[in-house]
Amino acid sequence: MKAIIDCNSFYCSCERVFKPHLDQHPVVVLSNNDGCIISRSDEAKKLGVEMAGPYFKAKPMIEKHNVATFSSNYNLYGDLSWRVMETLRMLLGEENVEVYSVDEAFLDLDGYEGSDFYEVAMNIRLTVEQWTGIKVSVGVAPTKVLSKLANNLAKKNKQATQCVVVLDTEEKISKALQTTPVNDIWGIGGQYAEKLLQLHAVFTAYDLSKKSEEWAHKNLGGVTGIRLLKELKAEPTIEMKEKLDKKKMIATTRMFGHNVNNINDIKEAVATYTSKAAEKLRRQQSAANVISVFIVAKEQSHQAAFHRGESKSASITLPLATSVTNELIKPALQLVDRLYQHGQFYKKAGVMLSGLVPDETIQANLFVEEKQNNKRLLMSMVDNINFAMRNDIIKYAAAGTTRDWKMRMEFRSPRYTTRWNELREVQ
DNA sequence: TCTGGGGTCCTAGGACCC
DNA sequence: TCTGGGGTCCTAGGACCC
């Protein structure tokens, strides 16, 4: 059996850990740049605040109901996420925990065959809550897709389920499938849901589970569709991931605080993003063969609906894979020159590193000069300092110091757990 | 007039996830 | 005025090779 643990309204819960007076109070957390709403407490959901909706639209209602509002504070969330995952690893053993995202983890419960899975799951739930202050929901089932489905049911009905749902018999599974709309299945997004409803009269997970593999192959994206179908039929096809596999692509992208038309501002931003991406690269001991940059133009006004601005991208394949920041910044800035159009206003830029290989391959390369190793040493020192300070105290000159383009973060809470001078004070 | 067949690698783009 | 920021996997089709 497999389980998925999912933190309830994770970012909101993180804020509440340090502000217990907000426990019954509606809370929302905003995306970078205070653009959209990316986490809502149950109370905020009840008020009708929409997920991923633009903040400025929800603002009147938020103010009217005195909803506590926070800019995202990733230092805090990252740290609390680590505590939750560490708790799971202690309870179940490292090898049985697959961290799936900042607020979710799959658990392998094969070692508990014969036990009462409800009891096991409840114990996990209560321990995480007691040790970290974060409330979680647990779904248990024979496959990952079904455990996600169980988790959904747990969250939809917190009172009755106590945030734990176990699907361990055919009857329970069948009933769960019948009560789940097809768009709530993990792996069915907007496009497929629309198609299933309109063209195939498939309304529930149950309807879908009755289809054939040939049908799934034809209508649900080939092998992906077959896997999904099997998982719904309680046949495991998506296994637990081996631990700690390295990323195959690394990206750093941001909106600007306001629209920018000066190429130097854009270059400053792109240089900063490149340093960040290179840090991530070195943290997993990889080097990149390909760097790409994209910039997004400001959308045209006087359009009725919201339209994303045009995005232009270009990439350069490097002569040798590298993880050295300034060797990445140089081509990145060349790409900006290539993409930038004079007079155009831009609102966003990003850097992506791909073609990732282990760092050793470079060191083994005979054509790399000796001094490359010195650079590598310097890089790791830079990383250590940045990691300790948890931010970019050491910067490259190209990244600039004025940061005219930087994000808005009006409502960020203190970084309680990662900055000494922002520690919570207790009387 | 008539223009192989098959394999591999790479890239762009589409779908999904949180 | 104001709409995150990351990731994954898969497929189709072109380039290239023999």
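- Two residues are said to be in side-chain contact when any heavy atoms from C-beta on lie closer than 4.5 Å; A/Leu76 and A/Tyr416 meet this criterion.
- A salt bridge is absent between A/Glu214 and A/Lys218: the closest approach of a Lys/Arg side-chain nitrogen to an acidic carboxylate oxygen does not fall below 4.0 angstrom.
- With salt bridges taken as basic N to acidic carboxylate O contacts below 4.0 Å, none links A/Glu86 and A/Arg83.
- The distance between atom CG of A/Leu220 and atom P of C/dC10, rounded to the nearest whole Å, is 15 Å.
- Summarising the geometry, the separation between CG on A/Leu356 and C1' on C/dG7 is reported as 12 Å, rounded to the nearest angstrom.
- Within residues 224-235 of chain A, the residues approached by DNA chain C to less than 4.0 Å at the level of any non-hydrogen atom are A/Thr224, A/Arg227, in residue-number order.
- Counting non-hydrogen atoms under 4.0 angstrom, A/Thr252 reaches the backbone sugars and phosphates but no base.
- Among the nucleotides B/dC18, C/dC9, C/dG5, the one closest to any side-chain atom of A/Arg254 is C/dG5.
- Ranking C/dG4, B/dA15, B/dC17 by closeness to the A/Ile38 side chain, first place goes to C/dG4.
- Rounded to an integer number of Å, the gap from CZ of A/Phe256 to P of C/dT3 is 13 Å.
- Contact check, A/Lys247 against C/dG6: no side-chain N or O comes under 4.0 Å of OP1 or OP2.
- At the heavy-atom level, A/Ile250 lies under 4.0 Å from the strands shown only through sugar-phosphate atoms.
- The side chain of A/Thr253 sits closest to C/dG5 out of C/dG4, C/dG5, B/dC18.
- Annotation: side chain of A/Ser81 is not in contact with side chain of A/Asp103 (no heavy-atom distance under 4.5 Å).
- For A/Asp103, taking side-chain heavy atoms from C-beta onward, the closest of the listed nucleotides B/dC18, C/dG7, C/dC9 is B/dC18.
- Using a cut-off of 4.0 Å between Lys/Arg side-chain N and Asp/Glu carboxylate O, A/Lys46 and A/Asp42 are scored as not salt-bridged.
- Residue contacts for A/Lys144: at a heavy-atom cut-off of 4.0 Å it reaches no nucleic acid atom on any strand shown.
- Per the geometry, CE belonging to A/Met249 stands 9 Å off P belonging to C/dG6, to the nearest Å.
- Checking the phosphate oxygens (OP1, OP2) of B/dA15, no side-chain nitrogen or oxygen of A/Lys195 falls inside 4.0 Å.
- The separation between A/Glu239 atom CD and C/dC9 atom P is 15 Å, rounded to whole Å.
- Looking at A/Thr237, its side chain does come within 3.5 Å of a backbone N or O of A/Arg227 through a donor-acceptor pair.
- Within the nucleic acid shown, A/Asn32 comes within 4.0 Å of sugar-phosphate atoms alone, with no base atom in reach, counting heavy atoms only.
- If you take CD of A/Glu50 and P of C/dC2, they are 20 Å apart, rounded to a whole angstrom.
- When distances run from any side-chain atom of A/Tyr100 to the nucleotides B/dC18, C/dG7, C/dC2, the shortest one goes to B/dC18.
- Residue contacts shown for A/Val223 are limited to sugar-phosphate atoms, with no base heavy atom under 4.0 Å away.
- A/His25 is not listed as a side-chain neighbour of A/Glu43, based on a closest heavy-atom distance of 4.5 Å or more.
- Using atom P as the reference point in both C/dT3 and B/dC17, the two lie 25 Å apart (nearest Å).
- For C/dC9, the OP1/OP2 oxygens have a side-chain nitrogen or oxygen of A/Lys248 closer than 4.0 Å.
- Taking 4.0 angstrom as the limit, A/Lys148 places none of its side-chain polar atoms (N or O) nearer than this to OP1 or OP2 of B/dC17.
- Among the protein residues, A/Gly350 comes within range of no part of the nucleic acid, since none of its heavy atoms lies under 4.0 Å from any strand.
- A salt bridge is absent between A/Lys233 and A/Glu213: the closest approach of a Lys/Arg side-chain nitrogen to an acidic carboxylate oxygen does not fall below 4.0 angstrom.
- Atom-to-atom, CZ of A/Phe345 to P of C/dT1 comes out at 16 Å; the value is rounded to the nearest Å.
- In the set C/dC10, B/dC18, B/dA15, the nucleotide with an atom closest to the side chain of A/Gln191 is B/dA15.
- No engagement by A/Lys59 is indicated, since no non-hydrogen atom pair under 4.0 Å with the nucleic acid exists.
- Side-chain contact between A/Lys144 and A/Trp186 is present, with at least one heavy-atom pair separated by less than 4.5 Å.
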